[in-house]
Amino acid sequence: MGYLGRPITDLEASISHHNGNITTTYDEQDEVEEQILELYKIFSEKHAKYGTIPLLSKERHSTYLRRGLYKFSSNFEALDCSQPWLCYWILHAMSMLDLKLSHEEKSHITGFLASCQSPDGGFGGGPKQMPHLAASYAAVNACISLESPELLSMINRERLLEFVVNMKMSDGSFRMHRGGEIDVRAVYCAVVVTKLTNLSAPPNLFEKTAEWVLKCQTYEGGFGGYPGMEAHGGYTFCAVATLILLGHEKLMNFNTLIKWLSFRQLSLEGGFSGRTNKLVDGCYSFWQGASFALISQCMPGEFVTEEGNWLFHQIALQEYILICCQHSLGGLVDKPGKPRDFYHTCYTLSGLSIAQHSQGSKTVLGSPSNLLRPLVPVFNLTVEAVSKAQNYFYSTDPTLNTAASMVTVVEEDNTEFKSQ
C-alpha cells in the first residue's frame, strides 16, 4: 500500500530561517521544527524499509478515553469546574471513533450531567456550581454526543433559555456567567445551545449580536475574543460559526480571513498554529481547519479547490496528527514531547476528521481504517448525533430548524474515497 506523504526534501527546504535575528521565538520554532523533522525522517525510513504507513491507534485511544469516563487522578483537581467539558471531550472523541456505550452507561452519564444543571437555568462546571455558558454548551454537546434522544429530556430548556437571556448585554454581546467575562466564546455558546435545543427565544435575543462579532475581526483577517484583541484560532472559529448560525456570514471580510487562516498552517510541521508567530498545536487542527470548512459552506464553490477540497493541505495536516500527535499509551497531544490530555485528544481528532472529509471526496492518509466519522463543523458534533438531536428538538415544527442546513454539507461527502 502506498504512502503519499510529503517528500523529506520538501520538508527540509521549508525549515525556517532567522537570518541572524535570533530571538526566543525563533529558538523555540527551531527546536520544534528539528524535533518534528526527525520524526518525519524516521517514519520515512520505516516506510521505505518495511512499508509502514500512518495508522490511527484506535484501540489505545479507546482505552484511554473509556478509562477517563470513570476515573481521574488527583492531577485533575484543577479541572473541577470543567466537568461537563471533560464529558464532552471524551464522549465526542468516542463518537468520532464510533465507540459504543451501553444504555446503562449513557444513563449514568446523563444523570451526572443533570446534577450539574442549575435550578437557575443552564449548567455549571460541576454539581452545585454557578451556571456558565461554556459549561452549558459542553453539557448540551455531551448529551447530544450520546446519540440517545430519549435522554435529551434531561435538559430544562425553559430555564436554559432564561439563563441565556440573562447573559445578554445591551451591545449584543454575551457574558459567560453572572459578573463574568464578555467575549466571542460566550456569544458562540449562547447561539449554539439556543439553535441546537430549539429554545423559544424572543425575537430580539440576538439583536446587535452579529454587529458586535464583526467588530472582533482584526486587520490581519482573523477574529479576536473582543474588539481590539489579537486574532486567534479559537475565537475565529467561534466568530465564523456564530455569524453563520445567525445568517450574517456574508458580512465578514472573507479575503483577509482566508489569508490569515492560510498562513496559520506551518510548512514543515503541516499542523496549524493559533496565532501569528506561535508554535504548532494539535488542537488548532480543528479550530483553524474547521474554519476553512465553514467558509466554503458560506460561499459554495468559491473557497474550495476544483476537486472540492478545503483550501489547506489536508494530507500535511493528517501527517502531523498521525505521526507527531499520537501518544504511545493512547490519547493525542499538542506537539511531540507534550503530555496527552482529553482536550487535545478531542480537538486533534476533530481536526483529523475535517481533513479527511471535504465536499468533493474523502481523503485518508495511510490505512483506510484511519477514517473517522464526519462532523457538522459548526457544532463540532458528528452528523449522526446532530441529526438525532434535530429530530428530537424540532419534531413538533421542523420549519424552525435553522441548524438543518449545517448537516447537508458533510452529507454530500460520499462522492469519492481516496486512501493515500
Side-chain angles (χ1 to χ4, degrees), residues 118 120-123 130-141 155-218 222-229 231-232 234-254 257 291 294-295 297-299 376-380 386 389-390 393-394 396-406:
S118 170
D120 297 325
F123 292 79
M130 71 160 59
H132 192 287
L133 272 176
S136 298
Y137 164 87
V140 168
N141 272 21
I155 301 172
N156 188 330
R157 290 193 283 168
E158 184 178 345
R159 283 302 180 88
L160 177 59
L161 176 60
E162 290 178 11
F163 172 63
V164 172
V165 169
N166 287 334
M167 294 303 102
K168 173 76 181 293
M169 307 301 290
S170 60
D171 62 358
S173 64
F174 285 77
R175 57 187 176 184
M176 279 293 193
H177 57 88
R178 185 168 53 185
E181 70 272 29
I182 297 168
D183 60 36
V184 76
R185 297 173 307 156
V187 175
Y188 170 72
C189 292
V191 172
V192 168
V193 299
T194 300
K195 300 294 185 181
L196 269 178
T197 64
N198 189 20
L199 300 184
S200 300
N204 64 345
L205 178 58
F206 297 115
E207 189 175 274
K208 299 182 181 179
T209 298
E211 291 83 353
W212 186 87
V213 171
L214 287 166
K215 293 177 183 178
C216 296
Q217 189 166 21
T218 75
F223 288 77
Y226 191 88
M229 289 179 65
H232 179 283
Y235 293 131
T236 295
F237 168 81
C238 289
V240 173
T242 296
L243 291 171
I244 288 174
L245 288 169
L246 294 179
H248 294 292
E249 64 275 7
K250 294 188 178 179
L251 299 178
M252 287 182 280
N253 186 327
F254 283 108
L257 175 57
S291 291
L294 292 178
I295 291 168
Q297 179 179 319
C298 299
M299 308 289 284
V376 180
V378 74
F379 301 127
N380 196 18
V386 173
Q390 289 175 347
F393 289 120
Y394 287 87
T396 56
D397 191 352
T399 62
L400 296 174
N401 192 354
T402 58
S405 61
M406 302 297 105

Contact between [X] and [Y] at the side-chain level, heavy atoms closer than 4.5 Å - yes or no?
X      : Y      : value
Phe379 : Val192 : yes
Thr209 : His248 : no
Val240 : Leu257 : yes
Arg185 : Leu133 : no
Thr218 : Tyr235 : no

Could you check Phe223, Phe206, Phe237, Phe174 and say which one makes a ring pair (Phe, Tyr, Trp, His ring centres under 6.0 Å) with Tyr188?
Phe237
Is a side-chain donor or acceptor of [X] paired with a backbone partner of [Y] at a separation under 3.5 angstrom?
X      : Y      : result
Glu211 : Gly172 : no
Asp183 : Gly225 : no
Lys168 : Glu207 : yes

Go through the steps to decide whether Phe393 and Ile155 satisfy the test side-chain contact (heavy atoms from CB on, under 4.5 Å), and finish with yes or no.
CA-CA 11 Å; Phe393 289 120; Ile155 301 172; 4.1 Å; yes
With rounding to the nearest 0.5 angstrom, report the [atom1] to [atom2] distance, [X] to [Y].
X      : Y      : atom1 : atom2 : answer
Gln390 : Asn198 : CD    : CG    : 10.5 Å
Asn166 : His177 : CG    : NE2   : 14.5 Å
Thr194 : Leu161 : OG1   : CG    : 7.0 Å
Glu249 : Ile295 : CD    : CD1   : 11.5 Å
Met130 : Met176 : CE    : CE    : 13.5 Å
Leu251 : Gln217 : CG    : CD    : 10.5 Å

Nearest non-hydrogen partners of [X] and [Y], listed with the distance:
X      : Y      : result
Ala186 : Arg175 : CB-C, 3.9 Å
Ala134 : Cys189 : CA-SG, 3.9 Å
Val184 : Gly224 : CG1-O, 3.9 Å
Gly122 : Pro131 : C-CB, 4.2 Å

Trace of the side-chain contact (heavy atoms from CB on, under 4.5 Å) decision for Cys238 with Val187
CA-CA 8 Å; Cys238 289; Val187 175; over 6 Å; no
Passing candidate, side chain to side chain contact (heavy atoms under 4.5 Å, CB included) with Leu205, options Leu199, Val164, Val191:
Val164
Would Phe163 and Asp120 satisfy side-chain contact (heavy atoms from CB on, under 4.5 Å), going step by step from the backbone distance to the final call?
CA-CA 7 Å; Phe163 172 63; Asp120 297 325; over 6 Å; no
